[in-house]
Amino acid sequence: MKVLVIGSGGREHAITWKIKQNPEVTELYCAPGNAGINEIAIGVDIKADDVEGLLNFVKENNITLTVVGPEVPLEKGIVDLFNENGLLIFGPQKSAARLEHSKMFAKDFMKRHNIPTAAYETFSFNDKAKVFDYISNTGYPIVIKADGLAAGKGVIICSNIDEAIQTVTELFDDKIFGSAGDNIVIEQFLQGVEASVFAICDGTDYIVLPASQDHKKIGEGETGKNTGGMGAYAPADKAVTPAIMKSIRTKVIEPVLKFMKSEGNEFKGCLYCGLMIDKTGEPFVIEFNTRFGDPETQVVLPLINSDITEMFIASASGKIKDYELKLNNNFCCTVVLASDGYPDKYETGKEITGLNEAGGDAIVFHAGTKNENGKILSAGGRVLSVTGISALGLKEAINIAYHNAANMNFENKYNRTDIGLKGL
Ligand code: AMP
Ligand code: GLY
């Protein structure tokens with residue numbers, strides 16, 4: 001079997017690492033990959049959003065299965081294009097990927113089908129008077145979201161009218177997210193405990209993977225700006241008890257699959273449910289993503305014992321019911337090592353040392369790294385994702401992650417010191 005993974009982050013390193021465990025995979029490629037991925041897969045110099053280039057590569061090299069990591073190629077219709085060419089690919093078609101790349105589509109869909117989510121209004125930049133009228137008369141806090149893709153940064157929580165005016169001005173006038181901010185959603189601020197749940201779907205049926213918790217804010221104790229994610233742990237079985245998981249299945253995942261299908265937007269691939277669980281245990285959807293989460297993937301995939309290549313094929317070919325998911329009893333924690341300054345401006349090109357010192361129960365997933373003449377250099381905001389694994393408990397997994405993270409160094413390294421603590 002020949003497999004291509006698309007993407008270049010910690011998530012794709014984890015996916016590649018897991019696929020690599022299948023002895024039937026004789027050739028494993030990653031486009032474009034990073035320094036860590038390229039140690040276990042053949043790097044292909046094609047960008048993740050060059051869907052035509054990827055199609056040509058897959059045809060020329062007779063790739064059996066393509067696995068899409070990030071959201072942008074999904075929005076560009078890579079799955080539709082591959083399907084038209086009779087190629088096997090893991091992910092949703094463009095119309096179904098709107099659950100992620102259009103927050104308005106997702107919110108309207110949830111409203112139509114009574115899927116629990118925060119109350120909201122939508123506004124267009126053509127109608128500024130309406131939005132200013134709304135933010136002058138609403139209660140606070142409110143959450144303002146760019147409709148389109150904004151690399152995980154398009155959500156701004158405003159605690160008063162001044163912040164709301166500033167945010168709307170930045171989105172509509174300064175166009176900080178380009179056309180992704182031409183339409184906005186303003187929604188009610190939800191309180192509770194956040195969790196991420198991945199459902200692997202085949203259009204009709206699905207399986208769920210163990211729940212996890214991300215740490216989205218840059219600062220300790222969930223303070224400061226939103227990031228792509230500064231660390232995660234799994235399983236999050238205190239936040240998502242079996243009873244809560246049942247509600248998530250029946251109130252969120254099952255209606256999504258049923259109504260996406262009946263509306264002609266059959267959902268295949270990974271449905272990422274970003275949830276707020278309120279104090280009575282009711283789940284509310286904060287957002288959907290239509291791909292695996294990063295860094296959640298780095299703590300969820302090590303909990304799976306069964307083969308994920310078969311899981312991807314079962315999803316893509318409508319046979320997820322036949323896939324037997326086997327889990328182990330481990331606990332995982334991943335700590336993201338970032339470039340100081342992230343999620344704003346940061347420097348790259350710093351040499352990373354200590355990579356070879358990772359101990360047996362830790363896996364160092366590379367995120368923004370590159371290999372330059374044998375030296376491993378930082379090449380992004382999130383640089384490494386150090387995962388600790390333990391059968392003994394979450395506390396041990398956290399200790400392993402931090403112990404190993406301390407051995408990895410580069411100039412201006414930044415990490416949170418409280419990853420996983422909320423799960424203890
Ligand atoms: P999103 O990109 O939609 O997941 O939003 C990023 C983060 O903003 C979430 O993980 C939450 O921490 C926060 N957030 C988004 N929407 C809401 C909401 N309606 N209420 C409270 N927090 C929210
Ligand atoms: N960890 C958040 C995301 O992948 O969107």
Side-chain angles (χ1 to χ4, degrees), residues 7 9-12 14-15 68-72 74 97 99-107 110 116-122 138-159 164 167 177 180-181 184-198 209 211-219 221-234 236 239 270-278 283-301 334-336 338 343 365 367 381-382 385 416 419 422:
R11 165 183 54 208
E12 288 76 19
I15 291 171
V68 186
E71 59 276 19
V72 174
L74 298 173
L99 282 177
E100 172 165 5
H101 69 246
S102 171
K103 299 226 187 244
M104 273 164 72
F105 173 84
K107 293 295 287 190
M110 286 187 271
T117 189
Y120 72 103
E121 298 278 340
T122 57
T138 188
Y140 284 85
I142 56 169
V143 185
I144 302 185
K145 300 186 171 183
D147 175 50
L149 296 180
K153 294 167 200 156
V155 172
I156 301 102
I157 296 166
C158 301
S159 35
T167 300
F177 298 124
I184 60 173
V185 172
I186 300 188
E187 66 180 33
Q188 165 205 8
F189 180 77
L190 296 171
Q191 272 169 316
V193 171
E194 277 188 67
S196 307
V197 171
F198 302 157
L209 304 185
S212 56
Q213 279 193 302
D214 190 6
H215 297 63
K216 287 236 170 74
K217 303 283 192 286
I218 189 71
E222 297 301 322
T223 52
K225 288 200 171 169
N226 260 325
T227 69
M230 295 302 294
Y233 79 90
C270 178
L271 178 70
Y272 167 134
C273 307
L275 303 156
M276 187 75 84
I277 319 284
D278 78 5
F284 289 81
V285 176
I286 295 176
E287 66 162 349
F288 289 122
N289 293 317
T290 59
R291 37 111 191 136
F292 283 99
D294 188 339
E296 294 97 320
T297 303
Q298 293 92 299
V299 291
V300 171
L301 296 192
T334 199
V335 175
V336 169
F365 293 119
R382 293 189 290 175
S385 175
R416 278 178 57 170
I419 303 299
K422 61 186 173 186

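Since the model is a prediction, treat every value here as computed from it, not as a measurement. Atoms within a ligand are numbered from 1 in the order they appear, just like the ligands themselves.
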For ligand 1, note which part of Gln191 has a heavy atom under 4.0 Å away: side chain, backbone, both or neither. neither
Between Tyr120 and Ile186, is there a side-chain heavy-atom distance shorter than 4.5 Å? no
Pull out every atom of ligand 1 sitting under 4.0 Å from any heavy atom of Lys217, numbered as shown with elements. 12 (O)
Show the atoms of ligand 1 that are less than 4.0 angstrom away from any heavy atom in Asn226. 6 (C), 7 (C), 8 (O)
Out of the candidates Asp147, Thr117, Thr122, only one should pair with Lys107 under the side chain to side chain donor-acceptor pair (under 3.5 Å) rule; please name it. Thr117
Just jot down the ligand 1 atoms closer than 4.0 angstrom to any heavy atom of Phe189, in number order. 20 (N), 21 (C), 22 (N)
State the atoms of ligand 1, each with its element, that fall below the 4.0 Å cut-off from a heavy-atom position in Glu187. 16 (N), 17 (C), 18 (C), 19 (N)
Measure from the side-chain N and O atoms of His101 to the backbone N and O of Gly148, and report whether any donor-acceptor pair falls under 3.5 Å. no
Nearest non-hydrogen atom to atom 20 (N) of ligand 1 belongs to which of Ile286, Leu190, Val155? Leu190
Would you mind telling me if ligand 1 is within reach of the side chain of Asp214, the backbone, both or neither, using heavy atoms under 4.0 Å? neither
Shortest non-hydrogen pair, Lys217 vs Thr227, comes out as C-CG2, 4.1 Å
Start with the C-alpha distance between Glu71 and Asn289, add both sets of side-chain angles, then the distance that settles side-chain contact (heavy atoms from CB on, under 4.5 Å), and finish with yes or no. CA-CA 8 Å; Glu71 59 276 19; Asn289 293 317; over 6 Å; no
Lys103 near ligand 1 by a heavy-atom separation under 4.0 Å: yes
Looking only at heavy atoms, the pair that brings Thr290 and Glu100 closest together is N-OE1, 2.8 Å
If hydrogens are left out, which of Glu222, Glu287, His215 has an atom nearest to atom 2 (O) of ligand 1, that is, the closest non-hydrogen atom? Glu287
Report the part of Glu296 in contact with ligand 2, treating N, CA, C, O as backbone and CB onward as side chain, heavy atoms under 4.0 Å; options are side chain, backbone, both, neither. side chain
Counting only heavy atoms, tell me which of Asn289, Thr117, Ile157 gets closest to atom 13 (C) of ligand 1. Ile157
Got a donor-acceptor contact below 3.5 angstrom from the Arg416 side chain to the Val336 backbone? no
Shortest non-hydrogen separation from Val299 to Thr334 and the atoms involved: CG1-N, 3.4 Å
Hey, is ligand 2 close enough to Lys216 that some N/O pair sits below 3.5 Å? no
Any N or O of Glu287 closer than 3.5 Å to N or O of ligand 2: no
Shortest non-hydrogen separation from Tyr140 to Cys158 and the atoms involved: CD2-O, 3.5 Å
Can you list the atoms of ligand 2 that are under 4.0 Å from a heavy atom of Asp214? 1 (N), 2 (C)
In plain terms, say whether Lys216 and Glu222 are close enough for a salt bridge, that is, a side-chain N and a carboxylate O under 4.0 Å apart. no
Contact atoms of ligand 2, heavy-atom distance to Arg291 under 4.0 Å: 3 (C), 4 (O), 5 (O)
Should Leu149 and Val72 be marked as a side-chain contact (heavy atoms from CB on, under 4.5 Å) after you check the CA-CA gap, both sets of side-chain angles, and the distance that decides it? CA-CA 8 Å; Leu149 296 180; Val72 174; 4.2 Å; yes
Within the structure, is a non-hydrogen atom of Gly293 found at a distance of less than 4.0 Å from ligand 2? yes
At under 4.0 Å between heavy atoms, which part of Glu100 makes contact with ligand 1: side chain, backbone, both or neither? neither
Is ligand 1 less than 4.0 angstrom away from at least one heavy atom of Lys145? yes
Please verify whether a non-hydrogen atom of Arg11 lies at under 4.0 Å from ligand 2. no
Under 4.0 Å from a heavy atom of Asn289: give me the atoms of ligand 2 that qualify, with their elements. 5 (O)
Distance-only check: which donor-acceptor pairs under 3.5 Å involve side-chain atoms of residues 189-197, not counting sequence neighbours?
residue	atom	partner	partner atom	Å
Ser196	OG	Tyr272	OH	3.4
Ser196	OG	Glu296	OE2	2.7

Distance filter under 4.0 Å to Lys216 heavy atoms, resulting ligand 1 atoms: 4 (O), 10 (O)
Which atoms from ligand 2 have a heavy atom of Gly228 less than 4.0 Å away? 1 (N), 2 (C)
Nearest heavy-atom approach of Ser212 to Ala234 is CB-CB, 3.8 Å
Is it the case that the side chain of Arg11 and the backbone of Gln298 share a donor-acceptor pair, with hydrogens and angles ignored and the cut-off at 3.5 Å? no
Taking heavy atoms and a distance under 4.0 Å, where does Met230 meet ligand 2: side chain, backbone, both or neither? neither
